[in-house]
Amino acid sequence: MAGTSDTVADDDALYVLTAVLLTPAQFPSLLGDDYPAACAALTLEPYDEGYGLVLGQDGSGARWTVVVEDVSLVAVAIAAWDCGMEYDLSPDDRSVVCSLPGWPLAVGVAAPGVAAPHDPLPEPEAEGTDPAPLAPPDTESWGPAQRRMGADEIAHQWVAWREQIDDETAFITPGGADGAGGKDGDDVDAEEDSADADAGPEGEDQDDELNAAAKVEPKAEVDVEADSAAGGAGKADTGAEAESDGSDATAENPAKETPSGVHPGVRRALAEARAYVDTPPPPGRVRSSFATGDARMLRADGPGWSLVARTDDIAFILLDEEPGEVLPVGRGTRLPGLLKALDALAVRPG
């Protein structure tokens, strides 16, 4: 493999543009809800140790994704690039698992001295058996990929999103009790009974974090680009003019309060997340990463929903059926226990 500072085209060289990790704890979430799903999108076996994905161009300018087993080497390269340092990512040929045509993620840079990025031509000898070139999932319209990307963006910009909700609103529980118990000696159970009666026939099954969510439902446009989902991605210093790749994507119009009842999608997402505690989901479905202080940042996904939360704070939920909307879940008295249980089963970066 060659660094992109080389300007003499060599058809056998791969000019490295960027790299991402594909591990149970860190993978491009736009590829799937969990690690096995992300691997399946690339026709790879969900190897426990994971892979490194090296994206680049060959001497003709064709896009290639080289899958390698040397995860540590790729992680070091990403860390160096994120710090603005040069790093020549050249995995040993013995660690190469396969080379796949195309790129699974959008890349906003190109190698100098070669043709513009394009999909490689099929091999004549393959007689139509070549795999179809990889391409990023469609993110123009709202769907699972965009929903997961939005949740990733909230995790990356937690402070900006959290500032839109004051503590009084975020931590409210039925009857005005705070998240730690009754207020001014009020009986929390009695307050919950009152809230359940107001909630209707299904109210008796609701946890107080759901009732907290009923008090406020900030809605926000999630404006992110595809590459913001490539968790752990880094770019080589190419010297080329880079287009926006979404890594600096920000959410717009966050948190406009709109009182409403408990959204059935929020109810479903929390119930399914709680079920993960009893029946652990596939690897990567729940992920835990560093946050400030002693807290952890949690990301969880399920059919049609994504959750992002801090273990010492509230949660946000995004739903397929609510395009561009972000639904906060107040802390209450049971959400802390749920987040703690999810953190205990979550996979973490090594």
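Along the sequence shown, the residues carry numbers beginning at 1.
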Report summary line: Here the pair of heavy atoms bringing A273 nearest to L342 is O-CD2, 3.5 Å
Query raised in the report: Would D33 and R147 pass as an ion pair if we require N to O under 4.0 Å?
Result: yes
**Report entry** Under 3.5 Å donor-acceptor, Q57 side chain and A115 backbone
**Finding:** yes
Requested in this report: Begin from the C-alpha positions of V286 and L345 and carry the test side chain to side chain contact (heavy atoms under 4.5 Å, CB included) through to its verdict.
Outcome: CA-CA 8 Å; V286 182; L345 63 86; 3.9 Å; yes
Query - S289 and R299 side chains, donor-acceptor separation under 3.5 Å - result: no
Query raised in the report: Distance from D58 atom CG to Y15 atom OH, nearest 0.5 Å?
Result: 9.0 Å
Query raised in the report: Is any side-chain heavy atom of W81 closer than 4.5 Å to a side-chain heavy atom of L89?
Result: yes
Query raised in the report: Would you say T292 and V159 make side-chain contact, with heavy atoms under 4.5 Å?
Result: no
Query raised in the report: Considering only heavy atoms from C-beta outward, does the side chain of P281 approach that of D34 to under 4.5 Å?
Result: no
Query raised in the report: With a 4.5 Å heavy-atom cut-off, do I317 and L270 have their side chains touching?
Result: yes
Report task. Give me the ring orientation class for Y35 and F27: parallel if the planes are under 30° apart, tilted from 30 to 60°, perpendicular past 60°. Result -> tilted
Query - Any side-chain donor near an acceptor of the partner, T311 and R296, under 3.5 Å - result: no
Report task. Could you please spell out the steps behind the side chain to side chain contact (heavy atoms under 4.5 Å, CB included) verdict for R348 and D343? Result -> CA-CA 9 Å; R348 305 184 178 207; D343 184 53; 2.7 Å; yes
Query raised in the report: Does D294 CG have over 12 foreign heavy atoms under 6.0 Å away?
Result: no
Query raised in the report: Can you tell me how far the CE atom of M297 sits from the CG atom of D312, to the nearest 0.5 Å?
Result: 9.0 Å
Query raised in the report: What pair of heavy atoms forms the shortest contact from F316 to W161, and how long is it?
Result: CZ-O, 4.2 Å
Query raised in the report: Is any side-chain heavy atom of L42 closer than 4.5 Å to a side-chain heavy atom of Y51?
Result: no
Requested in this report: Side-chain contact test, heavy atoms from C-beta onward, threshold under 4.5 Å: evaluate it for I314 versus R162 and give yes or no.
Outcome: yes
Query raised in the report: Going by an N to O cut-off under 4.0 Å, is there a salt bridge joining R63 and D119?
Result: yes
**Report entry** Sub-4.5 Å side-chain heavy-atom contact between D70 and S72
**Finding:** yes
Query - Shortest non-hydrogen separation from W142 to L319 and the atoms involved - result: NE1-O, 3.1 Å
Query raised in the report: Are the side chains of V68 and L73 in touch, meaning some heavy atoms are under 4.5 Å apart?
Result: no
Query raised in the report: Got a second to check how far R268's CZ is from E321's CD, nearest 0.5 Å?
Result: 4.5 Å
Query raised in the report: How far apart are the closest heavy atoms of P283 and P36, and which atoms are they?
Result: O-CD, 3.3 Å
Query raised in the report: Shortest non-hydrogen contact from L318 to A151?
Result: CD2-N, 3.9 Å
Query raised in the report: So does R148 pair up with D301, basic N to acidic O under 4.0 Å?
Result: no
Report summary line: Taken to the nearest 0.5 Å, the spacing of T65 OG1 from L22 CG works out to 11.0 Å
Report summary line: Distance col, row L53:CG vs L134:CG, nearest 0.5 angstrom, shows 9.0 Å
Requested in this report: Any chance you could measure Y276, atom OH, to R285, atom CZ, to the nearest 0.5 Å?
Outcome: 4.0 Å
Query - Shortest non-hydrogen contact from L335 toward A315 - result: CD2-N, 4.1 Å
Query raised in the report: Under the 3.5 angstrom rule, does the side chain of W103 hit a backbone N or O of W64 as a donor-acceptor pair?
Result: yes
Query raised in the report: Just by distance, do the side chain of R287 and the backbone of V347 share a donor-acceptor pair under 3.5 Å?
Result: no
